[in-house]
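Numbers restart at 1 for each chain; the letters A, B, ... are given by sequence-line order, proteins then strands.
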Amino acid sequence: MTEQIQDETHQASDGPSYDAHALQEKWQPVWEELDQFRAGEREVRPGQPAPKRYALTMFPYPSGDLHMGHAEVMALHDVIARYWWHRGYDVLNPMGWDSFGLPAENAAIRNDEHPATYTYGNIDTQYQSFKKYGVSFDWSRRLHTSDPEYYRWTQWLFLKFREHGLAYRKNSPVNWCPNDQTVLANEQVLADGTCERCGAVVTKKELTQWYFKITDYAQRLLDGLDGLERHWPERVIHSQRNWIGRSEGAHVDFDLHLASGETRRVTVFTTRPDTLYGATFMVVAADAALAGEVVAPERAEALASYLEEVRKASDIDRLATDRPKTGVDLGITATNPVTGEQIPVWASDYVLADYGTGAIMAVPAHDQRDLDFAKAMGLPVRRVIDVPGADNPEETYVATTADGAYVNSPALEGVSGKAEGIATIIAKLEADGRGTGTVNFRLRDWLLSRQRFWGAPIPVIHCEKCGEVAVPEDQLPVRLPDNVRGADLKPKGVSPLAAVADWVNVDCPSCGGPAQRDSDTMDTFVDSSWYFLRYCSPDYTDGPFDVAAVREWGPVDQYVGGLEHAVLHLLYSRFFTYVLHDLGMLDFEEPFTRLLGQGVVINQGKKMSKSLGNGVSLGEQIDRYGVDAVRLTLVFASPPEDNIDWADVSPSGSVRFLQRAWRLSGDVTSEPGVSFAEGDVALRRITHKTVHEVEQLMEAYRFNVVVARTMELVNATRKAVDGGCGPADPAVREAVEAVAILLSLVAPYTAEEMWERLGHEPSVARAGWPSVDPALLVEDAVTAVVQIAGKVKARLEVPPSISEAELETLALADPAVVRAIDGREVRKVVVRVPKLVNIVV
RNA sequence: GCCGGGUUGGCGGAAUCGGUAGACGCGGCGCUCUCAAAAAGCGUUGCCCACAAGGCGUGCGGGUUCGAGUCCCGCACCCGGCACCA
């Protein structure tokens, strides 16, 4: 299968040949010299800065070299950035590395070296590849999150958050990855209960950890999504809404009567307070502290053994929603606040300790889970809503949740509908001081501690006397020790930093006494939650970013990246931006105005993977076809948000097209600067129409169609050169120059070469955009279709200005139409000038 | 289970204010050049029908409309999010 490849980028026939690799060699150093994508220097005229645009693409993690996935994002992203340059914007298009993280640490352990070795080695490899790939990045703003100059400010931001009560430490059961030997945020545990990074089954562990109080922002993060509608992919907005999980309901107070004789008031959360009269028992989360505190002494042992059983069950078991309900009677009762009845209190694992209040009122008649539990435990079921057409849940084992007439509910007599019922009962509870209307969220606080080495150390010192002490600002960054080797980093359940004695043991900044550094590092998602701000002033030393610079560039106008981060990076960054806005450091709340989520590159219907042996190497593809052909293939293959199956596309077809476009640039015989106005009108119309259409396609991200239109322009120009107006016509030069500029969005090397062959100085990237003459967008003839009952029977070439009557007459006279009417009566004629006539017979 | 998004030739995909379905490309077929092949170029290519004429066609079934890939109702299947979240 290699035999066809060798010559694919070479043309053996006479004349100069198109050699993609030679073009890369030729132009890379020239571009390096030109350094033409520096942000912040463009002016419309002296003294007047050009309008600014911020184009951002997700920075890579430096594992190995760039792969097909990177190639796709960069290709798509670069289409936008280069288009903006052409349209006259001053474009900020930075690149850097998300360079803290586990793979470097694991590699360090394997090779017994420092994680920095792997990290910076790969960064260098990727940097070279980026250069070759020809993306219009402003390399002067390059950053790495693992540089002390960067993580100093990650630490600074952590302390700011802490200062404002948004970072705190608590002890609770956390997600624990037994493979990576570290805790994970909820967002990093996949729906099937496995670790987002390594796929191991996540377990629970009780630990004291740092959290960001993202829940304080739940409502605002939710509300902000409304404004992103139509600018962000539906999928991401939807995922975030689901993840935040707002539900409206009520807090209702129940008095628990403990064995000791005390009364303890416990609040439950419910979305259906209107079913309160049907609450025939209460359930508390078995693993919540409350269960142990209220259990009757004679039931304590039963609870303890149940709890043990629950803890043994793996997360996989817990995830099976249809498994039978289990639980234990706590031996006490509670008072239903509206009926005054004494109802039993149970503990079960179907109630979650960390959602709502960790305790629920059970209404078996109208909640399936409660009904299942009631049936399993023989607890009473009382119907309080009579749903028309539905049988008694107690007999059918099917809880009813639909609207109906309230029964057995004195306070809801005559009330109709769920909404009114809920409002009525909340009003009553509030009046009685037994509850309030409330809102609850599924979102949990962001657990940010990690028991790993290669991350930003948490800048806190633990002093026996003073407790938690923030590292003073002038002592930042808290640097990672560089005297560790791979062997020191082996996971042992606590951070490897804890074992580095001369690093951990410090004097307390407050009292000067002996103290220890916090040995955990931060989740790497903290690093990436603010990197886009740092790019605005990458060398700033008085803060994480220069507020004025961010005011100039922010927010990001266009973000391009994968959507596997829908509830991770894309949610965390929004949270950071809201907080920094509230701290007065930003004048916007949403970080990314427009988001494009590109699909992934797969092969033969499956994700590329080593085990499947279906991996496609970017480097190999570039060696075979050249950078431009690979980029073109990726952009042309499908709409940007769809997946690309490499088996379905044809990089060699891309090479063919690039050759044909390139060849045109050698056919032009007119001089640069020739007056296009004197050119062939037919070709000029096509050129102007194409450019105009591309402008609209660009706005709508339809890059694959942009390529198709460029191909059509090449085809039309070829025809004009060979069989139409001929190569000397100014319209041919106009068309080929337009092709070069359009092509520069996707295939910069070929476009650059064409530009030079057309007699221009480099670079085509800064050549500006062809101006569109509206007069040339007007057609001189259009094809009108004649339909009978909606089926096309004839086509007519008519002037665009034709009148309805004329068009109708022409249509009815057409022989094919006459034949199709076949003497039948014409009942109605619909005319839409100048394109359509529909005849009803 | 709840909530989103989708289904167009052999393939990737065009056509999103209801108005020529299949742009552009891949693949296929035929031809030119060549001793031959490759490369390149030209032509052709939704399906049925030998051609023409004609008919059928955008997952399936209905509907609205002069006219539906596009709007409405029902269904099937695929992808994604949440999932014992009270």
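Closest to the side chain of A:Ser638, out of B:G12, B:C56, B:G19, is B:G12. Distances were taken from every side-chain heavy atom of A:Glu234 (C-beta onward) to each of B:G5, B:U20, B:G55; the shortest belongs to B:G5.
The nucleotide B:G1 finds its pairing partner in B:C82, both defining distances of the Watson-Crick or G-U wobble pair being shorter than 3.5 Å. Pairing of B:U58, defined by two Watson-Crick or G-U wobble distances under 3.5 Å, is not identified with any nucleotide. Under the Watson-Crick or G-U wobble criterion, with both distances below 3.5 Å, B:G25 is paired with B:C11. Across the strands present, B:C31 finds its partner in B:G41; the criterion is a Watson-Crick or G-U wobble pair with both atom distances under 3.5 angstrom. Under the Watson-Crick and G-U wobble criteria, each requiring two contacts below 3.5 Å, nucleotide B:A68 is left unpaired.
One atom, CG of A:Asn440, and another, P of B:A86, lie 8 Å apart when rounded to the nearest Å. Distance CG (A:Leu563) to C1' (B:C79): 13 Å, rounded to an integer number of Å. Between A:Leu290 atom CG and B:A86 atom P the separation is 19 Å, expressed in whole Å. The interatomic distance linking A:Glu804 (CD) with B:G19 (C1') rounds to 14 Å, in whole Å. Spacing between atom NE2 of A:His565 and atom P of B:G81 amounts to 14 Å, rounded to whole angstrom units. When the C1' atom of B:G67 is taken as reference, atom CZ of A:Arg827 falls 15 Å away, rounded to whole Å. If you measure from atom CD1 of A:Ile237 to atom C1' of B:C3, you get 15 Å, rounded to the nearest angstrom. One atom, CH2 of A:Trp646, and another, C1' of B:C11, lie 16 Å apart when rounded to the nearest Å.
A:Tyr350 has no side-chain polar atom (N or O) that falls below the 4.0 Å cut-off from OP1 or OP2 of B:A86. At the phosphate of B:G54, OP1 or OP2 sits under 4.0 Å from a side-chain N or O atom of A:Arg819. The side chain of A:Arg702 places no N or O atom within less than 4.0 Å of a non-bridging phosphate oxygen (OP1 or OP2) of B:G13.
Using a 90° window around 0 for the glycosidic torsion, B:G22 falls outside it and is classed as anti.
Side-chain atoms of A:Asp349 never come within 3.5 Å of backbone atoms of A:Ala286 as a donor-acceptor pair (strictly under, hydrogens ignored). A:Asn440 places no side-chain N or O within 3.5 Å of a backbone atom of A:Gly249 that could act as its donor or acceptor partner.
Looking at residues two or more places apart in sequence or on another chain, you find a side chain to side chain donor-acceptor pair (under 3.5 Å) between A:Glu248 and A:Arg246. For the side chain to side chain contact (heavy atoms under 4.5 Å, CB included) test, residues two or more places apart in sequence or in another chain that qualify with A:Ala185 are A:Glu187, A:Gln188, A:Trp446, A:Arg450, A:Tyr572. For A:Arg241, the side chain to side chain donor-acceptor pair (under 3.5 Å) partners at least two apart in sequence or on another chain are A:Asp226, A:Glu229. Under the side chain to side chain donor-acceptor pair (under 3.5 Å) criterion, A:Asn838 pairs with no residue at all, not counting sequence neighbours. Evaluation of the salt bridge (charged side-chain N to carboxylate O under 4.0 Å, His left out) rule for A:Glu695 yields A:Arg87 as partners, not counting sequence neighbours. Listed by chain and residue number, nothing satisfies the side chain to side chain donor-acceptor pair (under 3.5 Å) test with A:Tyr277 (two or more places apart in sequence, or in another chain). For A:Glu797, there are no salt bridge (charged side-chain N to carboxylate O under 4.0 Å, His left out) partners, not counting sequence neighbours. Residues forming a salt bridge (charged side-chain N to carboxylate O under 4.0 Å, His left out) with A:Asp354 (at least two apart in sequence, or on another chain): A:Arg444.
Between A:Arg663 and A:Asp667 no salt bridge is recorded (no basic side-chain N to carboxylate O distance below 4.0 Å).
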Heavy-atom contacts, protein to nucleotides 23-34 of chain B, under 4.0 Å, summarised as B (base), S (sugar-phosphate only) or - (none) per nt, yield BBSSS-------

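Within the structure, the side chain to side chain donor-acceptor pair (under 3.5 Å) test picks out the following pairs touching residues 631-645 of chain A (sequence neighbours left out): A:Asp78-A:Arg631, A:Thr633-A:Ser654.
When heavy atoms are screened at a 4.0 angstrom cut-off, A:Ser247 is found touching the sugar-phosphate backbone but no base atom. Counting any heavy atom pair closer than 4.0 Å across all strands shown, A:Arg795 reaches a base atom. Among the heavy atoms of the strands lying under 4.0 Å from A:Asp642 are primed sugar atoms or P, OP1, OP2 only; no base atom is included. Residue contacts shown for A:Lys719 are absent, as no nucleic acid heavy atom lies under 4.0 Å away.
The distance between the ring centers of A:Phe657 and A:Phe636 does not fall below 6.0 angstrom.
The gap from the C1' atom of B:C47 to that of B:U58 amounts to 13 Å, rounded to the nearest Å. B:U70 and B:U20 are spaced 13 Å apart, taking the P atom of each and rounding to whole Å. Taking atom C1' on both nucleotides, B:G9 is separated from B:G27 by 12 Å, rounded to a whole Å.
Taking a 4.0 Å limit (strictly below) on heavy-atom distances, residues 828-836 of chain A reaches RNA chain B at A:Lys828, A:Val830, A:Arg832, A:Leu836. For the segment residues 238-245 of chain A, the set of residues with a heavy atom within less than 4.0 Å of an atom of RNA chain B comprises A:His238, A:Ser239, A:Asn242, A:Trp243, in numerical order.
When only modelled atom types and interatomic distance are considered, A:Gln240 and A:Trp232 share no side-chain donor-acceptor pair under 3.5 Å.
Residue whose closest nucleotide on RNA chain B sits further toward the 5' end, between A:Lys791 and A:Arg718: A:Arg718. Mapping A:Ala816 and A:Ala285 onto RNA chain B via the closest heavy atom, the residue that lands nearer the 5' end is A:Ala816.
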